[in-house]
Amino acid sequence: MRVVDLIEKKRDGLPLSKEELDFLIHDYSKGRIPDYQMAAFAMAVYFQDMTPEERAHLTMAMVESGDQINLTSVKGIKVDKHSTGGVGDKTTIALAPLVATLGVPVAKMSGRGLGHTGGTIDKLESIPGFNVEITTEMFIELVNKNKLAVVGQTANLTPADKKLYSLRDVTATVNSIPLIASSIMSKKIASGADAIVLDVKTGSGAFMKELADSVELAKAMVEIGNNLGRKTVAVISDMNQPLGRTVGNALEVKEAIDLLKGEGPEDLKELCLTLGSQMVFLANKADSVEEARVKLEEIIHSGKALETLKTFITAQLGDDSVVDDPSKLATAQYQIEVKAEKSGTVEKIIADRIGTAAMILGAGRATKESVIDLSVGIVLNKKIGETVQAGEALATIHTNRENIAHIIDMVKHAYKLSDQSVDTPTLIYTTVF
Ligand code: URA
């Protein structure tokens, strides 16, 4: 096989076979195909798209380029959840104990945050002692025992995707539905999931800004999953403003704990119930999505989900007393209010500006090497549709530095106020099966 012939075939809109895609991905990951040829191939895909069969084959070729986590010794249907990324997205921390309480095994590999969105691993590390670096044997043992464990990504998962994604980043080929969908799905499949629930974010703070693009991406990923024998469902949820009221590691953990206490913000609760009921249903732990939702609400009210969270924290050597007393989480030295200059109703909160402000404060990483401050972040006192009086706080910055005028300014300018009343935005747009 000659790479140039395959590039030409794709350039002319013809589908590639499984063998051809396997060859491309395998030889590229081994360094036998140069970046310039792979870049030309990615650009051909960008313009010519791929058939559903090609997308599934590309995904599997990337899965097979590295380690695959074998979860066969974990009893039950392993349902993984993936979010395409957003600001203030602490869903996993509340959702994992919720579904685990109903017997859904959650064996989660998570990443650290980079840029303006945070990572679950960093958030969990704001619990004193919490250890995410456990062996695969321990990981599986804990999932069998407690139905829940979270581990940092250490295995060599989908190296071909890693290499191709970096190349796409510098060749203007990230924004291609078949390439994004196969990239995300390859990581989920390599992590050992039997079924997958995707949270595809849409809006100004999301990777996909337009609803139609988010739906197209969701359909592409659901199709890949189903074609590869993994039941897959995607929920399209709003990211026109941060999720919940907190952005920053320890602050987000507290908010997730609040949710399991039956408190916390409505949007976070609604998203957890929506994603959770799909996970419980896919794992055969309820006869319908509606029944799954009722069960999830019951275990929040009974406190059982909170107990699972404590068991999970203790099993990974964390201090579970943070659940009853969240003041034991890392706390910043100063709280500085960002005050509204006029009265009005919040019309807009530019999510990625809030995310970037939190990152500059120290809550996120500008580069892979940055050291983060788990205690800092931003609390949104006001969200879209809420009224504010001049001089009242729009947001509160939790910081360990006093001199943060530029960050106060950024947060202030992330808000747009209106003289008119403003509706609360839709949270869940649609579900793709
Ligand atoms: N996230 C991924 O993992 N891959 C992409 O291609 C885009 C976003």
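Atoms within a ligand are numbered from 1 in the order they appear, just like the ligands themselves.
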Here's a test for you: under side-chain contact (heavy atoms from CB on, under 4.5 Å), which of Ile177, Ile236, Thr84 qualifies with Met208? Ile177

I need the nearest protein heavy-atom contact for atom 3 (O) of ligand 1: residue, atom name and distance, please. Lys187 NZ, 2.5 Å

Which is it for Thr396 and Asn381 under the side chain to side chain donor-acceptor pair (under 3.5 Å) test, yes or no, and what are the steps along the way? CA-CA 7 Å; Thr396 308; Asn381 300 68; 2.9 Å; yes

Determine, using heavy atoms of Val174 and all atoms of ligand 1, whether some pair is separated by less than 4.0 Å. no

Below 4.0 angstrom from a heavy atom of Phe207, which ligand 1 atoms are there? Numbered from 1 as shown, please. 7 (C), 8 (C)

Restricting to heavy atoms, the pick from Ser176, Ser186, Ser183 nearest atom 4 (N) of ligand 1 would be Ser183

The criterion is side chain to side chain donor-acceptor pair (under 3.5 Å); which residues satisfy it with Lys310, sequence neighbours excluded? Asp324

Quick check: does any side chain N or O of Asp80 sit under 3.5 Å from a backbone N or O of Ala193, one acting as donor and the other as acceptor? no

Heavy-atom nearest neighbour in the protein, as seen from atom 7 (C) of ligand 1, with distance rounded to 0.1 Å: Tyr165 OH, 3.3 Å

Glu64 meets the salt bridge (charged side-chain N to carboxylate O under 4.0 Å, His left out) criterion, sequence neighbours left out, with none

